[in-house]
There are 2 protein chains.
Amino acid sequence: MGSLDASLVCDLPPFEHMARQDIAALLERARSIRVEKGAAVFGQDEAAHSFFLLLDGHVRVVRVTPDGEQVIARYISSGELMGIAQALGRSTYPASAIAAVDCVVLAWPGAMWTEVVSRYPGFASNTYKTVGSRLQDAQDRIVEMATERVEQRVANAVLKLAAQTGRRTEEGILIDLPISRQDISEMTGTTLHTVSRLMSAWEAAGWVKSGRQRIVVVEGHKLMLLAGGAK
Amino acid sequence: MGSLDASLVCDLPPFEHMARQDIAALLERARSIRVEKGAAVFGQDEAAHSFFLLLDGHVRVVRVTPDGEQVIARYISSGELMGIAQALGRSTYPASAIAAVDCVVLAWPGAMWTEVVSRYPGFASNTYKTVGSRLQDAQDRIVEMATERVEQRVANAVLKLAAQTGRRTEEGILIDLPISRQDISEMTGTTLHTVSRLMSAWEAAGWVKSGRQRIVVVEGHKLMLLAGGAK
DNA sequence: CGAAGCCTTGATGCGCCTCAACGTACGTGG
DNA sequence: CCACGTACGTTGAGGCGCATCAAGGCTTCG
């Protein structure tokens with residue numbers, strides 16, 4: 001596919017501190033791909049042939065258990081790397097990446113990773129920073145699941161989504177991607193029923209407005225109190 | 001402290017594929033430290049001044065929540081790296097590392113990390129492999145906490161410990177470090193009471209033998225069935 | 001020998017899952 | 001464009017898994 005201009009991406013965290021020409025050289029070797037809503041960028045347990053940068057859209061990273069249950073590991077927003085299995089010495093992807101909306105991604109061949117590391121150490125160290133914060137996130141979530149109750153976890157999940165993908169509107173902060181009760185339940189280890197009940201209660205209290213695949217946070221601070229004020 | 005011989009560590013995974021003399025050079029710059037049972041190798045939220053290699057013993061990595069609850073993130077066995085915050089661009093340790101028994105650790109100044117990466121790329125890539133498998137572990141645990149019931153999680157935790165630190169005895173596989181019901185509960189997000197009841201039941205069934213801070217797995221396959229046979 | 005730490009076991013209650021039924025928005029094809 | 005099917009959302013009733021509260025026994029160490 002055609003080449004992209006370095007200026008389009010040079011402000012993204014992965015390219016921080018890289019020379020403009022190095023960025024251009026990297027981009028030249030990437031393929032740019034359009035992914036339709038609902039389609040997979042890569043699939044769980046499939047050979048890790050590439051690593052990716054999400055240019056536009058939102059991607060859901062999902063794990064499926066042997067007996068078919070789904071768990072949402074995280075949402076990727078535009079500008080983030082994903083599928084960086086080879087950076088961690090893995091040969092398969094540990095989860096599936098599903099486009100939550102129509103997306104544009106850049107893909108580099110996985111075999112290029114070692115070369116990239118040695119040639120662009122800045123890119124590599126930014127990648128590892130990303131990995132570090134994801135490990136931190138994962139560990140936070142374990143603590144959360146071990147110590148907090150459903151209501152707190154759901155409040156937290158909604159707040160995180162609002163912080164990550166929120167857009168200010170006159171009503172409040174709109175979570176800018178289609179998200180169902182089921183999705184929230186898969187992020188928090190509960191059922192869509194419980195999420196629905198919580199959202200109804202919060203709506204009655206005027207803290208959120210929500211509808212079909214749509215959530216607007218009106219009174220974030222109230223949710224923060226729920227989520228565990230001391231933090 | 002005195003210098004160590006490279007032959008002592010050259011078979012450990014972190015030093016795989018490194019030249020003997022490079023290993024020796026690295027070791028020369030490490031401090032070797034004895035840590036008493038119960039003492040901290042490093043503490044949560046403290047500045048990440050060093051990174052470590054556990055030479056001998058077992059270390060418990062623990063997170064404490066704002067309201068004082070503890071969650072055990074993992075156990076480190078001898079030969080593993082730990083406290084590698086700087087490799088991930090972090091300036092503080094995300095958890096505390098407590099010696100489960102008397103330990104010996106090697107410590108390198110954190111500031112050395114960038115130099116180490118560029119000078120010994122093999123060491124770096126092995127480190128990132130470690131990080132990768134820990135991220136994987138963490139994510140597995142999230143899935144587990146989200147989808148499995150306490151009994152399965154506890155069975156899994158016991159099996160993991162047996163696999164990691166188990167020693168064959170005539171009775172069965174002995175988990176070779178002092179571990180209480182409370183510890184298991186902090187690994188699985190439950191209470192010591194529930195763990196105690198489960199262990200009693202398993203003991204009655206003849207699947208384990210256990211006592212004060214001591215667990216022997218007699219019939220591992222029975223536990224595997226419990227933990228979720230399909231895996 | 002006392003005290004502290006670890007383990008066990010019972011009784012009780014409730015948070016949340018499960019099962020069930022129905023309402024409502026969406027989009028697709030006749 | 002309307003009718004239907006499908007996916008999403010809501011709300012109730014019931015029950016169970018596990019936390020919580022409580023009390024007591026058994027090691028291990030100073």
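Chain letters run A, B, ... following the sequence lines, proteins first and then strands; every chain starts at 1.
Between A:Arg181 atom CZ and C:dC17 atom C1' the separation is 18 Å, expressed in whole Å. Distance B:Glu203 CD to C:dT8 C1': 12 Å, rounded to the nearest Å. Rounded to an integer number of Å, the gap from B:Arg197 CZ to C:dT12 C1' is 11 Å. The interatomic distance linking B:Met199 (CE) with C:dT9 (P) rounds to 12 Å, in whole Å. At whole-Å resolution of the value, CD in A:Glu148 and C1' in C:dG15 are 15 Å apart.
Within a 6.0 Å sphere centred on CZ of B:Arg214, other residues, nucleotides and ligands contribute more than 12 heavy atoms.
Two residues, A:Arg212 and A:Glu151, neighbour DNA chain C, and the one matched to the more 5' nucleotide by heavy-atom proximity is A:Glu151.
Of the residues listed (A:Val105, A:Val9, A:Leu8), the one engaging A:Leu55 in a side-chain contact (heavy atoms from CB on, under 4.5 Å) is A:Val9, and it is the only one.
A salt bridge is absent between A:Glu219 and A:Lys209; no separation between the charged side-chain nitrogens and carboxylate oxygens falls under 4.0 Å. Look at A:Asp176 and A:Arg167 and you find a salt bridge, because one of the NZ, NE, NH1 or NH2 atoms lies within 4.0 Å of a carboxylate O, short of that distance.
Between chain A and DNA chain D, the heavy-atom contact criterion of under 4.0 Å yields a 5' to 3' nucleotide range of D:dA7 to D:dA13.
A donor-acceptor contact under 3.5 Å is formed by the side chain of B:His193 with the base of C:dT9.
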Check: Passes side chain to side chain donor-acceptor pair (under 3.5 Å), B:Thr92 versus B:Glu46? Steps please.
Finding: CA-CA 5 Å; B:Thr92 61; B:Glu46 125 193 348; over 6 Å; no
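Taking the side chain as every heavy atom from C-beta outward, B:Val64 and B:Glu69 never approach each other to under 4.5 Å.
For B:Ser196 and C:dC7, the shortest distance from a side-chain N or O to OP1 or OP2 is not below 4.0 Å.
In this structure, B:Gln213 reaches the sugar-phosphate backbone alone: every heavy-atom distance under 4.0 Å involves primed, P, OP1 or OP2 atoms, never a base.
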